[in-house]
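In this chain, numbering begins with 1 at the start of the sequence shown. Here the structure is a predicted model, which is why all the values come from computation and not from measurement.
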Amino acid sequence: MNVSFEKEISKEESKVIVVPVANGNNWGLRSRNLNMEFGCALSGRIEGKPSFEGKTGQVLTGTVATTNGFKDIIFLGIGNPEALEQKSFKGLGSTLFKALKQTGETENISLISDDYEGSSLSQEEFAAYLIDGVHNATYSFDKYKTAAKSDALSLTAVVNDTEKAKQIYTPLQTTTESVSWAKDLGNEPANKLTPIEYAKKITNELQAFPNIKVKTLDVADLKQHGMGGALAVMQGSTMNPGCMVVMEYNVNPHDTERPLGLVGKGVTFDSGGLNLKPGGSMLGMKMDMCGSAAVVGAMRSLAARGSDAKVVAIVGLTENMPDGHSYRPSDILKMMNGKTVEIGNTDAEGRLVLADAMTYLQQKYNPETMVDLATLTGAVVMALSHTYTGVFDNDDELWERIQKAGKIVDEEGWRMPTLHADFAKAMRGKLADFSNVSSIKGAGASTAAAFLHNFIEKDENGQDKCRWAHMDIAGTATPPGGMASGVGVRWLDRFVRDNYEGKSKSPYLNSAPKVA
Ligand code: BES
Ligand code: MN
Ligand code: ZN
């Protein structure tokens, strides 16, 4: 999408004019002035249409004859200006995109921006957010369709301060591009996005940006680190070996400042392994790598917009396949942290990959906070559907910070119980330290989190060494419709921006994790 900001509308050239209208058919000053210049041609289109009141998401379109020729007009209802916030524009942008498509025009589109009474947003913010909402809505995954593709949109927003608008828009654009990249990764089928291909894509994409280092750990490296959990899942894929990708952004491993750590589950296809999933549940399991897509998407966003935060990330990439080489139920594995795990079900593979990735990150980088994202359990979908991401944590304040960042970008988390002794007990093994499946009924998302909690490194007093949050995106990454949502990219980007950039760097410094 091509975006520009202008101080004045080009009345000659514009073919489509977008006029935002607030509740009660309220127009902004610039729109009213333009209407006068056009001899009330714009308002004429609305007269006699009492059902269009400017309510959120309402749209009225039409062609009007102006002193500068025929124009397609889109009146976009924006509702109550007082209620407008950044997240309102995802919906408004998508509504506007649909209306734009109906005009058939792809260029010479002018978007009138105004200051609306009661709104806390400047007209520059309004324009930037709305364009970002349209940009987000333009996403499609049609690379495997051989038919001709549609043209990219060119939009011009009319604002007082074009520099300011650009300044607000540029990082939003960067993040939305990163969200689109994460969606692309999620939508790629598993025969195209094998773990090795995925690692190459990450390396190629991220190396374009400054201050980021990417390295791939292959099977031999993982063996050297004793990652018995991740390797067990990988061993059923003789054709497509697994790997891990480590990304350091602004991180100097010798620095005393502890970085933020991100971890992502990247199972490029989860068949269940020898505990094979039934057909209906297997469909969609190409997206079992969406946790990793969120993490690499967020790293791209941080690097591309030049964040000054120190962040290190790791994604565990593998298939989970049935094969003569596959790991089996009852196998006992030795994990990177030295603990042993017995396998109750080969379909509980994500936690094995994550556990070793988490150990690697902690042992190499000693993060102050670690956040992992994973499409980990069907149980979280039962509990929260596709609406909320289940958030599990060992620290009240971390949860609050995560929830807050999500609310701003319209990605919602629901705090789930994690540390109850019953859940930890349910994950103990009979013959090994732990089991990868729970021995109790229900709470499958919490027992999965309790399993992961065993892999948070402890200090000499047995206390968790870092703050940790586990985000189970099994529902939110894969909404009905079969397209990846890109959940997590915007959320993590915002979380970093609010808590680890500029003056607000490292919010926790020397305090210990705390759960009331
Ligand atoms: N990848 C699945 C979880 C999942 C389910 C993601 C539905 C997206 C939609 C995970 O690896 C899995 O299979 N979990 C099992 C665990 C069980 C065997 C303990 C599950 O949730 O059924
Ligand atoms: Mn599974
Ligand atoms: Zn899985």
Side-chain angles (χ1 to χ4, degrees), residues 217 219 222-236 242 244 261 263 265 267 272-275 314 316 318 320 326-367 370 372 374 376-377 379 392-394 416-470 472 513 515:
L217 307 175
V219 167
L222 304 184
K223 277 187 183 148
Q224 211 169 33
H225 290 112
M227 295 194 185
L231 284 163
V233 178
M234 292 174 185
Q235 77 194 32
M244 295 217 189
V263 183
K265 169 179 173 182
V267 175
L274 290 179
N275 290 105
I314 182 166
T318 178
N320 183 28
S326 294
Y327 76 132
R328 313 155 194 80
S330 308
D331 279 2
I332 295 180
L333 319 173
K334 186 160 186 173
M335 309 294 285
M336 182 178 174
N337 73 348
K339 300 288 182 188
T340 55
V341 174
E342 67 190 72
I343 299 306
N345 189 319
T346 61
D347 198 11
E349 84 297 340
R351 57 196 77 182
L352 301 169
V353 177
L354 282 176
D356 277 340
M358 285 161 61
T359 299
Y360 182 92
L361 194 96
Q362 292 170 94
Q363 292 189 356
K364 295 277 174 214
Y365 298 98
N366 187 26
M370 180 165 64
D372 77 79
L376 202 65
T377 66
F392 307 79
D393 64 85
N394 68 356
M416 301 285 280
T418 310
L419 301 177
H420 199 289
D422 286 359
F423 302 151
K425 208 168 137 204
M427 300 309 292
R428 293 209 187 114
K430 282 204 182 72
L431 307 179
D433 298 332
F434 310 120
S435 163
N436 79 329
V437 296
S438 157
S439 59
I440 58 170
K441 256 205 206 163
S446 286
T447 52
F451 176 88
L452 294 178
H453 186 236
N454 291 314
F455 296 87
I456 298 297
E457 303 264 302
K458 306 290 187 280
D459 65 17
E460 55 283 356
N461 304 316
Q463 298 297 305
D464 292 348
K465 267 198 209 168
C466 67
R467 284 176 179 72
W468 163 65
H470 154 61
D472 193 337
V515 181

Practice item. Any chance you could measure Gln224, atom CD, to Leu217, atom CG, to the nearest 0.5 Å? Key: 10.0 Å
Check your understanding: Relative to the ring of Phe455, is the ring of Phe451 parallel (under 30°), tilted (30 to 60°) or perpendicular (over 60°)?
Key -> tilted
Practice item. Could you tell me whether the side chain of Asn394 and the main chain of Leu419 form a donor-acceptor pair under 3.5 Å? Key: no
Check your understanding: Any side-chain heavy-atom pair from Leu452 and Trp468 closer than 4.5 angstrom?
Key -> yes
Exercise for review: Determine the minimum heavy-atom distance between Val263 and Ala357, stating which atoms define it.
Suggested key: CG1-CB, 3.8 Å
Review point. So, Asp433 and Arg428, do they make that salt bridge, N to O below 4.0 Å?
Key: no
Practice item. Check the angle between the aromatic planes of Tyr360 and His225 and answer parallel, tilted or perpendicular using the 30° and 60° thresholds. Key: perpendicular
Review point. Taking side chain as C-beta onward, heavy atoms only, is Met427 less than 4.5 Å from Arg351?
Key: yes
In residues 332-339, what donor-acceptor pairs under 3.5 Å come from side-chain atoms, sequence neighbours left out?
unit_1, atom_1, unit_2, atom_2, d
Asn337, OD1, Lys339, N, 3.0

Review point. Which heavy-atom pair separates Gln363 from Glu457 by the least distance, and what is that distance?
Key: NE2-OE2, 3.5 Å
Study note, to complete from the structure: Note: Asn436 and Ala348 closest approach over all heavy atoms is ND2-O, 3.0 Å
Exercise for review: Mind running side-chain contact (heavy atoms from CB on, under 4.5 Å) on Asp422 and Lys425 for me, showing each step along the way?
Suggested key: CA-CA 5 Å; Asp422 286 359; Lys425 208 168 137 204; 5.5 Å; no
Practice item. Please examine the side chains of Met358 and Met370, heavy atoms only from C-beta on, and report whether any two atoms are closer than 4.5 Å. Key: yes
Review point. Counting only heavy atoms not in Lys458, do more than 12 fall under 6.0 Å of its NZ?
Key: yes
Study note, to complete from the structure: Separation between CG (Leu222) and CG (Asp356), nearest 0.5 Å, reads 8.5 Å
Point to revise | Closest contact, heavy atoms only, Pro367 versus Gly261 | key: CB-N, 3.9 Å
Check your understanding: Side-chain contact, heavy-atom cut-off 4.5 Å: His420 with Ser446?
Key -> no
Review point. In chain order, what residues pass the ring-ring contact (aromatic ring centres under 6.0 Å, His included) check against Tyr327, with sequence neighbours excluded?
Key: none
Practice item. Indicate yes or no: at least one non-hydrogen side-chain atom of Met227 is less than 4.5 angstrom from one of Thr359. Key: no
Review point. So do the side chains of Asp331 and Glu342 get within less than 4.5 Å of each other, counting heavy atoms only?
Key: no
**Study point:** Heavy-atom pair with the smallest gap, counting every atom of Lys265 and Ala374
**Key:** CB-CB, 3.6 Å
Point to revise | Derivation of the side-chain contact (heavy atoms from CB on, under 4.5 Å) call for Asp393 and Arg467 | key: CA-CA 8 Å; Asp393 64 85; Arg467 284 176 179 72; over 6 Å; no
Check your understanding: Testing Asn320, Thr346, Ile343 for side-chain contact (heavy atoms from CB on, under 4.5 Å) with Leu352, which one passes?
Key -> Ile343
Revision key, fill the gap. Scanning both residues in full, the closest heavy-atom pair of Gly344 with Pro329 reads O-CB, 4.3 Å
Practice item. Check whether any side-chain heavy atom of Leu376 lies under 4.5 Å from a side-chain heavy atom of Leu354, and answer yes or no. Key: yes
Review point. Between CE of Met234 and OG1 of Thr318, what distance do you get to the nearest 0.5 Å?
Key: 5.0 Å
Point to revise | Ser326 side chain to Gly273 backbone, donor-acceptor under 3.5 Å | key: no
